[in-house]
Amino acid sequence: MCGIFGVFNNNNASKLTYLGLHALQHRGQEAVGIAVSNRYEINVKKTEGLVMQALKEQDLNNLKGDIAIGHVRYSTSGKANPQNIQPFLSHFYKGSFAIAHNGNIVNVNELKEELEKEGAIFHTTSDTEVFVHLIAKAKDTEEFEINLHQNDREFLPLLFSAMKKVKGAYSLLILRESQLIAVRDPYGFRPLVLGKNKQGTLFLASESCALDMVEAEYLRDIKPGEVLVIDGEGLRSYFPLGFVDKAHKCIFEYVYFARPDSIIFQDYVYEIRKEMGRQLAKEKPIDADVVVPVLDSGFLAAKGYSEKSGIPLEFGLIRNHYIGRSFIQPLQEIRDLSVKLKLNPVRQVVEGKRIILIDDSLVRGTTAKKIVGMLKRAGAKEIHFLISSPPVISSCVYGIDTPTKEELIASTKSIEEIRNYIGVDTLYYLSLDGMVKSALNKKNKGFCVACFTGDYPVL
Ligand code: AMP
């Protein structure tokens, strides 16, 4: 997972990008990069670490210009290589461009092999670099050269040709000397929104919470399959692969990944997450004393459950905010410890109580087992564990970092075995239908649910 942010037409472009990326920090904590154009050349600063710590004021002052893109990166062990930090800046016979990508290309190996046989030399192990080479080497571009604005005739056919070859998930921002380009794959797996502030500066962001950060208003989503070009002559939208309604938006963004104060896929994450909890209460009513959320991710589902069931919500677990996401630690030993570092039970709330414990998802089961142990030691009488999504049985190939299939507890164990392993009185997962129903509205259909079904829309 990654977060991307772009700014067009503001002399504080690098600082605004810094703020936008800070709001998207939950989408990637490993590294950050910003590329800025002053209309003649593009400069880039990339570094490991969190936005606020890794980038200094001087770095931002050095990045002069009024168009910018930025990226926060999330990867797992092995792939955390400084060369893979985005945006990637390249120079070729048609100028320079920087690219920032959220998603995952599924046919990367085939494409890489083809490109390497033709002489391409890759500098990173990131799938995003495939785009760079496909753009630079694009040949058969005639079919894309019709009906283009004159500013777009040089570069866009190359990009369209690359899009035709790439399969998988990509929300992209491309910075050229005088243009900002936003791209979303035809399935629309990953989110990407457009916003504007009062001064007319345009912004692109993975989630609308980053628009709030720069006091911009959410205008709309970039549509699946859309290429939006922004330059001095305005905004132009193209659908190079045809406008096919193939939308398969990642439902896990609603379940867990996106921030609850965001609008993505044209809807409010907060409402949907809470609806998943209400749905859980309809599907699995339980006689209990308190509803306890696993903070922070389980909070809204727990709130929805509590409202629907009338059972009071209590903070039976308190979170220490000075530790990052436990999931992200590449080593099991550190992951085990960090659950303890992150959450602590409140004895007064849980002692002698029948608890409905709610989290958004169960992946490896590491978090749940630890939490249940803690709650029992704090005197919980019964623990009924409800999950506001179905069992995760398959790894995501579209950009959410899920562990391998073998590590996913629900891919090898039955629900009863998982219940036993975690040590709870009840274990219930929200049904697939219930989850999808919670996320649907009139504007919002077509979700990717591959991690819950193993049914991949494109491979
Ligand atoms: P696990 O301990 O492996 O079962 O992880 C489950 C916990 O990790 C839940 O509290 C989720 O909110 C959270 N989680 C689920 N998916 C992810 C992900 N892709 N990255 C980080 N955390 C996640």
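Atoms within each ligand, like the ligands themselves, are counted from 1 in listed order. In this text the structure is predicted, and so the values were computed from the model without any measurement.
For ligand 1, one of its N or O atoms has an N or O atom of G365 under 3.5 Å away. On a distance-only criterion, V363 and ligand 1 share at least one N/O pair closer than 3.5 Å.
Close approach of ligand 1 to I400 is summarised as follows: ligand atoms under 4.0 Å from at least one heavy atom of the residue are 19 (N). Close approach of ligand 1 to F252 is summarised as follows: ligand atoms under 4.0 Å from at least one heavy atom of the residue are 15 (C), 16 (N).
The closest side-chain donor-acceptor pair between S297 and D359 falls under 3.5 angstrom. Using a 3.5 Å distance cut-off with no hydrogens or angles, the side chains of E226 and S237 do pair a donor with an acceptor.
In this structure, Y428 and I415 have side chains that are not in contact, with every pair of non-hydrogen atoms separated by 4.5 Å or more.
Cation-pi check for K249 over Y187 is not met; the charged atom does not lie both under 6.0 angstrom from the ring centroid and within 45 degrees of its normal. Under a cutoff of 6.0 Å and an axis angle of 45°, K369 and Y421 form a cation-pi pair.
Residue contacts with ligand 1 for S361 involve both N, CA, C or O and side-chain atoms from C-beta outward (heavy atoms, distance under 4.0 Å).
Checking I387, I418, D359 against atom 9 (C) of ligand 1, the nearest heavy atom belongs to D359.
Taking 4.0 Å as the cut-off, V294 does not count as a neighbour of ligand 1 on heavy-atom distance.
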